[in-house]
Amino acid sequence: MSQTAIKVQNVGKNFGKVCAVQDLSFDVAANTCFGLLGPNGAGKTTMMKIIYGKCTLDNSNGSCVNVFGYNPVTDELAIKYLSGVVPQDDNLDDELNVVQNLRIYAKFYALSAKNTNERIKYLLDFLELTEKRKASIKHLSGGMKRRLIIARALLNNPKLLILDEPTTGLDPQVRHLIWDKLRQLKKQGTTILLTTHYMEEAFALCDAVLIMDRGREVIQGTPAELLERNIEKFVLELTGSHAISDIEEPVKTGIRVDRGQESTRLYSNDADRLKRLAAKLEGAHYFLRQTNLEDVFLKATGRELNEKQ
Amino acid sequence: MRNNNAYPYPPLASRLYGVWFRHMRVYTQNIFSNGLPPFLEPILFLAGIGLGLGKYITESMEGLAYIEFLGTGLLMTSAMFTATFECTFGTFIRLEFEKVYDGMLAAPVTANNLIIGEMLWAGTKGLFFSFAVLCILALFGIVSLPKSLLAPFVGFITGLMFSTLALLVTSFVKTINHFNFYFTGLISPMFFFSGVVFPISNLPGYVRPFAEVVPLTHSVRLVRAVCTHRYSPHLLFDLLYIIVFTLVIGYFAVRRLKKRLVY
């Protein structure tokens, strides 16, 4: 039996005339990882902030947010006490060192001195920062800062971990390390809500994802469901402009064509057909692969940039 | 799924302490560069008076030698300046540049807790800065201990009072340069027209109301009474002014600044 950790119903948020979130609904089951995906300016961060009370939601009938039985409007403190938040921007105190940064946050949770020390020791070890415990923040790499912020979010052993683009700008090693840690946390019973622009990250971590665009839901489901329902199984990617003129034939035969400026993608469930097609395109650069979440994302949110991106 | 038991998140005092502790920790991290100037500045002032200006001012002011008059006034201006800097530039930088509050508000702290913690910290700095001035005054034998030891507490309520006004101003400020108007328009005039440098009793009639309306005047009266041990019923009015000012301006400061923290 899976419990619901977060329930969001018909939530909307306007900043003046700008609509950030519109009529959004989703459930996050306890002990799972839920991903909010969408282009920049889609409203992902705003939605997350509504959940921990940093943003207010617009009053309208039937809209409600519930986090472990608490309402962010009235029970802000309870939700914050149960949650850890990793914001998009690094906001460590530069004047303090690694351990001191954690200590000031331990005070917010009123941890006892003994608990604080044990917890900090454990978390520095968990995020592989023990060697840096006395280092000044200025001397940390981007990946170390990110890990320290995750450690800070984990101080109070949260039931819910909220991460806003936790691995943006990090190298593959750190990214994989963070993924491993998040998987471990999930195993230990933490519910995870994250936003990301990396579809492979969403695919690697999330049990369910919601793709949103301009504040609205586009599609949601498990990554496997989204792939199955929304996109052909294979894609042939062609680069180089000369390739474009050679592909009149597949259009007629029902292969879906997605033309970019310098690249063209041909989608089909039949890999053999794409292979035969590719064989005809002498000299063109091509790459045949299985479709992934990024293909779904681009199909769902469009290839063009909107005014918020 | 509803859990009706209140979750044991930390109580109010503990949350305010958390905010206060964060500021204290960051401030004391550079204790030498942060802690020394409050002691040096009054030395400079008093040396200037004692070695130079004081020779020309022989008349007593409100029954005090000029060095006593100015010295006791400095107890309050130091509290005013530190609380004002802390809650204008300091708060604005934490809010807009360092994004410190974004992190703090993700911990179990409400925007109200955060703003009031900010005020308490500014009050503490007021206490510390007027304590520093008091040390120098005592060292030069300008005030006598232990009766003047109450002065830092007047520094605390002065710091608190000025933090509310500074935070209210900050809630309006869109770019950091706007603070110049506040400093030139209100803080500097207060330094001169609140009975710190000279008594307000002989000011022209059209300046007197300004002196009575601004907060620093009332702090200065209180602290002089404390240092000279000359109490009068009049002081209850000054104390009342400080309390009402702090509560009213503090209320609006919290209300307005909150909208910039939780939106």
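Just so you know, these numbers use all the heavy atoms, side chains as well, and skip hydrogens, waters and symmetry mates. In what follows, chains carry the letters A, B, and so on, assigned in the order in which the sequence lines appear, proteins first and then strands, with residues in each chain numbered from 1.
The minimum heavy-atom distance between B/Arg15 and A/Leu77, with the atom names listed, is CZ-CD1, 3.4 Å. Contact between A/Phe108 and B/Ala107 at its shortest, heavy atoms only, is CB-CB, 3.8 Å. Closest of all the heavy-atom pairs between B/Thr110 and A/Glu76 is CA-OE2, 3.6 Å.
Other residues, nucleotides and ligands contribute at most 12 non-hydrogen atoms within 6.0 Å of the CZ atom of B/Phe45. More than 12 non-hydrogen atoms from other residues, nucleotides or ligands lie less than 6.0 angstrom from OH of B/Tyr27. With a 6.0 Å radius and a threshold of 12 heavy atoms from other residues, nucleotides or ligands, A/Lys13 has its NZ atom above the threshold.
The backbone N or O of B/Leu105 lies less than 3.5 Å from no partner atom in the side chain of A/Lys54, so there is not a single donor-acceptor pair. In terms of modelled atom types and a separation under 3.5 Å, the side chain of A/Tyr105 and the main chain of B/Met104 share a donor-acceptor contact.
The pair A/Asp93-B/Arg25 does not count as a salt bridge, with every side-chain nitrogen at least 4.0 angstrom from each carboxylate oxygen.
Contacts between residues 165-180 of chain B and chain A, counted as heavy-atom pairs separated by less than 4.5 Å, involve no residue at all. Contacts between residues 32-40 of chain B and chain A, counted as heavy-atom pairs separated by less than 4.5 Å, involve no residue at all. Residue-level contacts of residues 247-263 of chain B with chain A, in order of numbering, are B/Leu261, B/Val262, B/Tyr263; threshold 4.5 Å between heavy atoms. Among residues 122-132 of chain B, no residue has any heavy atom closer than 4.5 Å to a heavy atom of chain A.
Listed options B/Ser14, B/Gly103, B/Pro11 were ranked by heavy-atom pairs under 4.5 angstrom with chain A; first place goes to B/Gly103. Most heavy-atom pairs under 4.5 Å with chain A: of the set B/Glu98, B/Lys99, B/Gln29, this distinction falls to B/Gln29. The greatest number of non-hydrogen atom pairs below 4.5 Å with chain B, out of A/Pro158, A/Gly53, A/Cys55, is found for A/Cys55. The most heavy-atom pairs under 4.5 Å with chain B, out of A/Val85, A/Leu96, A/Ile79, A/Leu155, come from A/Leu96.
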